[in-house]
Amino acid sequence: MSEHPEEPNKPVETESLLPIDEHVEESQDAEGRKVRHRGIYLLPNLFTTANLFAGFFCIITAINGNFYVAGATVFVAMVLDSLDGRVARLTNTQSAFGAEYDSLSDMVAFGLAPAILAYEWALSELGNVGLTVAFIYVACAALRLARFNTQIGKVDKRWFIGLASPAAAGVVAGSVWAVWALDDPGILGADLPLALVMLFALLVAAAGLLMVSNIKYYSFKDLDLKGRVPFVAILVVVLVFAVVFSDPPRVLLLIFLAYAASGPVQYLMRRRKRAES
């Protein structure tokens, strides 16, 4: 007879059919008790995986010289990145695994992919200087994502501290996409004057540095998409879609350039008001 009482509530450990450890997460319920969850949520992670593939596909197409498709793919990745979080919240399937997986996917789609795209298209013309600029962008994207993860729940969700990595990617990839779309055969960095290549390098570096700055950017996370709005709002939405689809490369580039510039402009305006008061 055993000296230890049986534990009827203890879960039975089953061996997996595959030589892969099962993912287990610990969280707390409404009463503060620890709860263990086995496995991961499929639906939101499908969108995250699609985002990861879009970044990977952008890298491959950029290496192969198809810069038009590579630039457009970054914007597809943005749509997928915005969907995974919203799907997780709507279906109540948020998890620590999903948050980490999303960050790693963002690093590929909005960190590595735009940098490789920029380097293959034009920065390679600058030699080691172009390589350095591309690495600055990648490093800043990694630092931006790491800082964002540590600030979740600690900062006002209405604002991003530093330029969000998808917006920075929109500036870099949008520039390549817009210039490449100017001509049927496409325009390479070698076809541009050296001054324009240097200007593009400064733009890439600036986008990277803005990601790690302390400048605030409006996050649009406090917009109420579930409530009722005036009828004219849907007309504005239709107009915006019409304008974007009239010339996607250049319209999207202008939108992301304006958003990237909005942070420094508001920062300077706030400093000016403090100096005058």
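Basis for what follows: all heavy atoms, side chains included, without hydrogens, waters or symmetry-related copies.
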* Asked: Looking at residues at least two apart in the chain, or sitting in another chain, which of them share a ring-ring contact (aromatic ring centres under 6.0 Å, His included) with Y119?
  ->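 Here no residue qualifies.
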* **Verdict with reasoning, Y218 to S262, per side-chain contact (heavy atoms from CB on, under 4.5 Å)** => CA-CA 9 Å; Y218 184 51; S262 67; over 6 Å; no
For residues [X] and [Y]: do they belong to one hydrophobic cluster (side chain heavy atoms under 4.5 Å, members Ile, Leu, Val, Met, Phe, Trp, Tyr)?
{"X": "L209", "Y": "V265", "value": "no"}
{"X": "F160", "Y": "I255", "value": "yes"}
{"X": "F97", "Y": "L104", "value": "no"}
{"X": "I136", "Y": "V212", "value": "no"}
{"X": "V172", "Y": "L257", "value": "yes"}

Any idea which heavy atoms bring [X] and [Y] closest together, and the distance?
{"X": "G111", "Y": "V138", "value": "O-CG2, 3.8 Å"}
{"X": "T49", "Y": "N45", "value": "OG1-O, 2.7 Å"}
{"X": "P264", "Y": "L210", "value": "CG-CD2, 4.0 Å"}
{"X": "A205", "Y": "V133", "value": "N-CG1, 4.0 Å"}
{"X": "L163", "Y": "M211", "value": "O-CG, 3.2 Å"}
{"X": "A169", "Y": "P114", "value": "CB-CG, 3.6 Å"}

* Do the two ring centres, one from F256 and one from F75, sit under 6.0 Å apart? ->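 For F256 and F75, the ring centres are under 6.0 Å apart.
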Going from [atom1] on [X] to [atom2] on [Y], what distance comes out if it is rounded to the nearest 0.5 angstrom?
{"X": "W159", "Y": "Q266", "atom1": "CH2", "atom2": "CD", "result": "5.5 Å"}
{"X": "L80", "Y": "S105", "atom1": "CG", "atom2": "OG", "result": "10.5 Å"}
{"X": "R147", "Y": "C140", "atom1": "CZ", "atom2": "SG", "result": "10.0 Å"}
{"X": "F135", "Y": "L123", "atom1": "CZ", "atom2": "CG", "result": "14.5 Å"}
{"X": "Y267", "Y": "N214", "atom1": "OH", "atom2": "CG", "result": "8.5 Å"}
{"X": "S124", "Y": "I116", "atom1": "OG", "atom2": "CD1", "result": "12.5 Å"}

* Side chain to side chain, F110 and D81, heavy atoms closer than 4.5 Å ->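 They are in contact (side-chain heavy atoms under 4.5 Å apart), so the answer is yes.
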* Side chains of V179 and W121: closer than 4.5 Å at any heavy-atom pair? ->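 V179 vs W121: side chains touch.
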* Please test L126 against M198 for side-chain contact (heavy atoms from CB on, under 4.5 Å), starting from the C-alpha separation and ending with a verdict. => CA-CA 8 Å; L126 300 178; M198 292 293 294; 3.7 Å; yes
* Return yes if a side-chain donor-acceptor contact under 3.5 Å exists between S165 and D106, otherwise no. => no
* **More than 12 heavy atoms from other groups under 6.0 Å of CZ on R274** =>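 Result for CZ/R274: enclosed.
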* Asked: Which residue, V244, V243, V251, forms the side chain to side chain contact (heavy atoms under 4.5 Å, CB included) with D247?
  -> V251
* Asked: In terms of ring plane angle, is the pair Y217 and Y259 parallel, tilted or perpendicular, where the classes change at 30° and 60°?
  -> tilted
* **Chi angles and distances behind the side-chain contact (heavy atoms from CB on, under 4.5 Å) call for V237, F241** => CA-CA 6 Å; V237 172; F241 272 99; 3.6 Å; yes
Tabulate below the donor-acceptor pairs under 3.5 Å that side-chain atoms of residues 52-65 make, not counting sequence neighbours, or state none.
residue	atom	partner	partner atom	Å
T61	OG1	F57	O	2.8
T61	OG1	C58	O	3.0
N64	ND2	I60	O	3.3

